[in-house]
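Working notes for the structure below.
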2 protein chains.
Amino acid sequence: MIVIENISKYLLENGIKPSVQRLKIFEYLSNTIEHPTVETIFNALSEEIPTLSKTTVYNTLRLFQSKGIVNVINIEDNETRYDADTSFHGHFKCTECGKVYDFKVDISKIKFMELENFKIMESHYYLKGICKYCLNNNNL
Amino acid sequence: MIVIENISKYLLENGIKPSVQRLKIFEYLSNTIEHPTVETIFNALSEEIPTLSKTTVYNTLRLFQSKGIVNVINIEDNETRYDADTSFHGHFKCTECGKVYDFKVDISKIKFMELENFKIMESHYYLKGICKYCLNNNNL
DNA sequence: GTATCTGCAAAACATTTGCAATTCT
DNA sequence: AGAATTGCAAATGTTTTGCAGATAC
């Protein structure tokens with residue numbers, strides 16, 4: 001979930017021509033807290049854009065990724081999720097309800113002793129467990 | 001890379017009957033620093049066990065995972081890697097040479113403000129970038 | 001009118017499943 | 001013999017690719 005006032009302008013600033021499909025896909029991604037999969041994005045938009053194809057969703061997300069305006073989330077090996085918030089933060093996946101939550105990570109506290117002279121370009125921190133709502137509801 | 005003196009005993013202690021395939025797969029996984037994929041494990045062992053099938057590698061790794069003696073590494077969405085070192089540590093993937101390096105992470109320094117009352121069961125920290133050897137060799 | 005973008009269909013992969021053959025005790 | 005394990009072949013699911021038609025400038 002991030003707030004972008006003018007998505008068309010934002011895409012152009014990042015070297016992307018704003019087609020209807022690209023606008024809608026980015027809009028959906030920036031307005032959700034769900035870290036959706038291709039499937040979820042496709043299902044959510046196909047009513048609004050009945051001709052939309054999954055190929056376009058795949059192509060568009062790959063384009064967004066190459067331009068650095070979306071991040072790929074690989075918590076689970078069988079589902080690739082996407083996030084329009086490219087600032088560094090952690091992701092917690094609840095194994096009960098499947099929801100993915102964001103959380104802040106103070107990266108300055110982390111030391112990388114073995115990685116001296118390595119060029120770090122991407123950073124991902126993933127947790128798995130059970131969220132407090134599932135813990136309450138199911139008395140797990 | 002971890003040192004297990006008696007792999008057969010180690011498997012039994014974790015509720016796994018030590019067949020030849022299971023022993024060899026775990027031995028390979030515990031002796032390497034490469035965080036191999038199913039493909040890599042299969043190729044490395046098929047000379048020694050000519051009848052080995054990928055299905056067995058898949059089944060065995062799933063079994064090891066369910067018993068908690070291997071961890072799955074999902075840095076990249078198109079390659080699932082495996083690690084017999086289940087202690088918490090970070091993984092750095094070099095996007096040039098493809099190698100995955102381990103590094104220590106002092107998890108006590110990380111605070112999870114938004115995750116109060118969440119039950120954390122797994123923790124993964126992944127970095128991507130360019131390792132010092134590729135930086136030196138290619139003057140990137 | 002030419003470039004680009006979209007989306008269908010097919011291809012390419014990775015992983016799982018059903019089941020028969022094999023192995024182990 | 002009986003139970004568990006292995007491995008082939010087929011099925012499933014996800015992502016990519018080739019290409020023709022549609023759209024935009």
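Quick note on labels: first sequence line is chain A, next is B, and so on, each numbered from 1. The figures that follow rest on heavy atoms only: side chains count, while hydrogens, waters and symmetry mates do not.
With the nearest nucleotide of DNA chain C identified for both A/T60 and B/E39, A/T60 has the one nearer the 5' end. Summary of the strand contacts: B/N78 and B/N59 both lie near DNA chain C, and taking for each the nucleotide with the nearest heavy atom, the more 5' one is attributed to B/N78. Sequence order on DNA chain D of the closest nucleotides to B/I16 and B/D77 puts B/I16 first from the 5' end.
Residues B/C131 and B/F92 come closest through the heavy atom pair N-CE2, 3.9 Å.
Atoms CG (B/L12) and P (C/dT25) sit 11 Å apart, rounded to a whole Å. Between A/L63 atom CG and C/dC5 atom C1' the separation is 11 Å, expressed in whole Å. A/F42 places its CZ atom 14 Å from the C1' atom of D/dT15, with the value rounded to the nearest Å. Remark: C1' of D/dT15 and CD of B/E79 are 15 Å apart, rounded to the nearest angstrom. In this structure, CD1 of A/I41 is placed 11 Å from P of D/dT15, rounded to the nearest angstrom. Whole-Å rounding puts the B/Q65 CD to C/dT15 P distance at 12 Å. Rounded to whole Å, the distance from CG on B/L45 to C1' on D/dT6 is 15 Å. When the C1' atom of D/dA10 is taken as reference, atom NZ of B/K54 falls 16 Å away, rounded to whole Å.
For D/dT6, the OP1/OP2 oxygens have no side-chain nitrogen or oxygen of B/S53 closer than 4.0 Å. For the pair A/S19 and D/dT23, the criterion of a side-chain N or O lying under 4.0 Å from OP1 or OP2 is not met. Between B/T80 and C/dT15 there is a side-chain polar atom (N or O) within less than 4.0 angstrom of OP1 or OP2. B/Q21 has a side-chain polar atom (N or O) that falls below the 4.0 Å cut-off from OP1 or OP2 of D/dG7. At C/dT15, one or more side-chain N or O atoms of B/Y58 fall inside 4.0 Å of OP1 or OP2 (strictly under the cut-off). Applying the 4.0 Å criterion to OP1 and OP2 of D/dG7, one finds that B/T56 has a side-chain N or O inside that range. The side chain of B/T55 contributes no N or O atom lying less than 4.0 Å from OP1 or OP2 of D/dT6.
A perpendicular orientation is assigned to the rings of B/Y125 and B/F103, their planes being inclined by more than 60° (bins at 30° and 60°). A perpendicular orientation is assigned to the rings of B/F118 and A/Y133, their planes being inclined by more than 60° (bins at 30° and 60°).
Counting heavy atoms from C-beta outward, B/L45 and B/V57 have side chains that stay 4.5 Å or more apart.
The listed nucleotides are D/dG7, C/dT6, D/dT15; the one nearest the side chain of B/L52 is D/dG7. Distances from the side chain of A/R22 to the nucleotides D/dT16, C/dT6, D/dT6 place C/dT6 closest. Listed candidates were D/dT5, D/dT16, C/dG7. Nearest to the side chain of B/K17 is D/dT5.
A donor-acceptor pair is defined here as one N or O able to donate and one able to accept, closer than 3.5 Å; no such pair exists between the side chain of A/Y82 and the backbone of A/V38.
Inspection of the A/N6 and A/S8 side chains reveals no N or O donor paired with an N or O acceptor under 3.5 Å.
Both distances falling under 3.5 Å, in either a Watson-Crick or a G-U wobble arrangement, occur for no nucleotide opposite C/dA3. The base-pairing partner of D/dT23, taking Watson-Crick or G-U wobble contacts with both distances under 3.5 Å, does not exist among the strands shown.
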